[in-house]
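Worksheet for the structure shown next.
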Amino acid sequence: MVIKEKYSDHVNSDEMLYILGVSGTPACLLDVHHQTVTLNNELKNELLLDESNLHMSRWLSLFEMLDRGEIYRTIHQNSKWNEKEMSVSVKTTHTSKRYYCKMLHLSNNNIAFIFSSQFNKPYLPVFKQKSDCDHINPLPRGSVLHKTEMFATQPKTTRTSQVKERLVQSSDYFPHGIAMLNRNWEIIYANNAMEKMVNLKLSQYYRKKIWDLFPIDDYYDFFQHYLRAMETQEIVNFIGELFKPHLLLGVTVVPSDQGITIIAQDVTSSTQQLRDLEQVRDRFTLLSENIKEACWICYPQENKLIYLSPAFNEIYGLDKAEVLKEPGLIFSLIDDEFLPEVQEAGKLMTEQKYEVEYSITTPAGEKKWVRMRGFPVKENGQTFVIGMDEDITKFKEMTELQEKSQQLSTITQMAAGVAHEIKNPLTAIKGFLQIGAANPDLRDSYHDIILDEVNRIESIVQDFMMLSKPKSSVQLETVDLESIITYVSRLLDPDSSNKGIKLFHTCDPELDAFYSEPKRLKQILINLLSNAIDSLGEKGEVQLEALLRANELVLCIVDNGHGLTDYELSKLGEPFYTTKEKGTGLGIMVTKKMIDDLDGKIIYESTVGKGTKVTVRLPYKTEG
């Protein structure tokens, strides 16, 4: 049922609700006789309701029990009050919220309820009762409505006149401009906000035709919408441009039998922002549609893709429109070994910037590599993910080609080195065998030298065998690091003691048993500590420290030897490059190979005259 109680010749109940709504004030109107409640849009949205018209029992059920009883008693004491204020608690779908509520008793047994936050009471003037002699006109003298027929009052005070009085005075505090024209296009009311907006004292133009202030030629669009509202008796909304001062106005025209009510809001700033956003959107679209990478935006809460750029079709070979409807089609292309990683990456992208690489097989059977990058964006309490997919197939092929080329170069270099390194001891062995053959009496004296050269050849061959050993041979098991360090220290102690070198080691107390391969771990420590001892020559110190840092085992070997130059550091790891007199240069290569097999990293730092620091980082896994 639509309530149409007239408060005057111009204002009825639903107009009042609409005006309160425009000011952003949640309100409702209770018809006690028909037991119905009409809510404006602001209150309906505030309470998360789907309907604007409720039965009174349904409406009362929204309040807490104690408040419900107080409201019910107040409603049925209609002859004893004109205005009341109280604090009420209202239940919504998810929670309960406290409001300040002002109740105005209107005529014909109707009651207006105006709500606001508990800590933000709305401006609703309280008026004192006046005697007949004082009650000449209730309106402010600065108002256009002073001494007008719109809210002309009788010599006696009535409930209806009080409501008129409150409504008109309150309208001067609304944040939006309000003006009224009668059927003759004459100005009969304007509030303070409207006067400031148009930069005119409209009170000086009471009963003047509106085109006397705003020429029709300049404001043709405005007049066209006003005329449409009058003729159709329908509410009209539009955006118009005011020239003096220059403003963009959001205008709502509310018609009635007596004329129109104009509600205007300055939307200059918001409209400009909207235009700026449209320009940004156009630029983004232009950019995303003309690059090779596929841009996308998704709403992860609903597993929904909002945007895909045209490049998506070229990378995945899927129709963009179909994927927007069914995003799961993408996962059907991802190779099985990468699918769990991609799904986990999608979750991480809702929290941080992240990227992942994976291979796909397109519907045409083509194999491709894709790099996906994404990051979260929060807006109005919702999280969106913006990302970009890049076809890196050619990059992967080039990288693989470079690796093969590097391997071939290394093999060639190592083959030459092997020939050189084995040739020297073979030449010595051959020479001493020839001498022994010519002089049998001297044969025994060269025996030890020949044996040393054979051992040297054996060492080179063993290093090559280690370098060729595949990573798949790694067998993880539980490792006690402190016992391994103790074993290696005891193994190297005789050599270091003979040279006057002190070995120290410390272990992080938080280190527990973890999964690794003990043989490789022992050999890594032996090689690095042996290199440190050899670099000192005689006398010095070598410090081994084991630390736990963010799920990583960090091993630091520090010596106070002569140190290495930048050139020497850059050459470390090359086959057969060594600073030792009898070194082969393969030890560092073997050590790095074993660290790589354990998914670790090695870093060298050195300063001439101060010493060298070697840092090894290995995964710290306490579960297999």
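The chain is numbered in sequence order, starting from 1. Note: hydrogens, waters and symmetry copies are ignored here, and every other heavy atom, side chains too, is used.
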Compare all side-chain heavy atoms of [X] with those of [Y] and state whether any distance is below 4.5 angstrom.
| X | Y | value |
| --- | --- | --- |
| C298 | Y307 | no |
| M372 | W296 | yes |
| L49 | L54 | yes |
| L47 | L62 | yes |
| I262 | I178 | no |
| D512 | Y620 | yes |
| V253 | I235 | no |
| V323 | L305 | yes |

As a quick check of understanding, evaluate side chain to side chain contact (heavy atoms under 4.5 Å, CB included) for I263 and V251, giving each step before the final call. CA-CA 6 Å; I263 304 168; V251 182; over 6 Å; no

Minimum heavy-atom separation for [X] to [Y], with atom names?
| X | Y | answer |
| --- | --- | --- |
| Y358 | D389 | OH-OD2, 3.9 Å |
| R183 | D257 | CD-O, 3.3 Å |
| I239 | G250 | CG1-CA, 4.4 Å |

Quick one: list whatever passes side chain to side chain contact (heavy atoms under 4.5 Å, CB included) with [X], sequence neighbours left out.
| X | answer |
| --- | --- |
| K91 | E64, R68, S96 |
| E314 | none |
| M197 | L247, L249, A264 |
| D391 | I315, K368, T393 |

Quick one: pull up [atom1] in [X] and [atom2] in [Y] and give me the separation to the nearest 0.5 Å.
| X | Y | atom1 | atom2 | result |
| --- | --- | --- | --- | --- |
| N313 | K320 | CG | NZ | 6.5 Å |
| L200 | F214 | CG | CZ | 5.5 Å |
| Q258 | I188 | CD | CD1 | 8.5 Å |
| E83 | L104 | CD | CG | 5.5 Å |
| S87 | E70 | OG | CD | 11.5 Å |
| I386 | I297 | CD1 | CD1 | 5.0 Å |

Just distance, no hydrogens or angles: give the donor-acceptor pairs under 3.5 Å from side chains in residues 326-337, sequence neighbours left out.
from	atom 1	to	atom 2	distance (Å)
S332	OG	L329	O	2.5
D335	OD1	T361	OG1	3.1
D335	OD2	S359	OG	2.5
D335	OD2	K367	NZ	2.7

Tell me which pairs pass side-chain hydrogen bond (donor to acceptor under 3.5 Å, both in side chains) where either residue lies in residues 221-241, with sequence neighbours left out. N237-T252, E241-H246

Tell me, please, which residues at least two apart from [X] pass salt bridge (charged side-chain N to carboxylate O under 4.0 Å, His left out).
| X | value |
| --- | --- |
| R371 | E355, E357, E390 |
| E552 | R617 |
| D266 | none |

Is there a donor-acceptor contact under 3.5 Å from the side chain of [X] to the main chain of [Y]?
| X | Y | answer |
| --- | --- | --- |
| N184 | E186 | no |
| N45 | N41 | yes |
| Y299 | V385 | no |
| K304 | L324 | no |
| N191 | G177 | no |
| T362 | G317 | no |

Please walk me through it: do Y99 and F63 pass side chain to side chain contact (heavy atoms under 4.5 Å, CB included)? CA-CA 11 Å; Y99 292 92; F63 296 89; over 6 Å; no

Within 6.0 Å of [atom1] in [X], more than 12 heavy atoms from elsewhere:
| X | atom1 | answer |
| --- | --- | --- |
| Y220 | OH | no |
| K209 | NZ | yes |
| Y72 | OH | no |

Counting only pairs under 3.5 Å, give me each side-chain donor-acceptor contact of residues 339-353, with atom names and distances, residues two or more places apart or in other chains.
from	atom 1	to	atom 2	distance (Å)
T350	OG1	K347	O	2.5

Taking only residues at least two apart or on different chains, which pairs with a member in residues 43-61 satisfy salt bridge (charged side-chain N to carboxylate O under 4.0 Å, His left out)? E46-K97

Could you please spell out the steps behind the side chain to side chain contact (heavy atoms under 4.5 Å, CB included) verdict for Q204 and K201? CA-CA 6 Å; Q204 299 173 5; K201 271 289 182 185; 3.6 Å; yes

Please state whether the rings of W211 and W185 are parallel, tilted or perpendicular, taking 30° and 60° as the class boundaries. tilted

Between Y316 and V370, is the side chain to side chain contact (heavy atoms under 4.5 Å, CB included) condition met? List the steps. CA-CA 9 Å; Y316 289 92; V370 178; 3.6 Å; yes

So, H55 versus S57: side-chain donor-acceptor pair below 3.5 Å or not? yes

Without hydrogens or angle criteria, can the side chains of D67 and S89 be said to hold a donor-acceptor pair below 3.5 Å? no

Set of ring-ring contact (aromatic ring centres under 6.0 Å, His included) partners for F222, sequence neighbours left out: Y219, F238

Can you tell me which residue among I75, V32, I71 is in a side chain to side chain contact (heavy atoms under 4.5 Å, CB included) with M56? I75

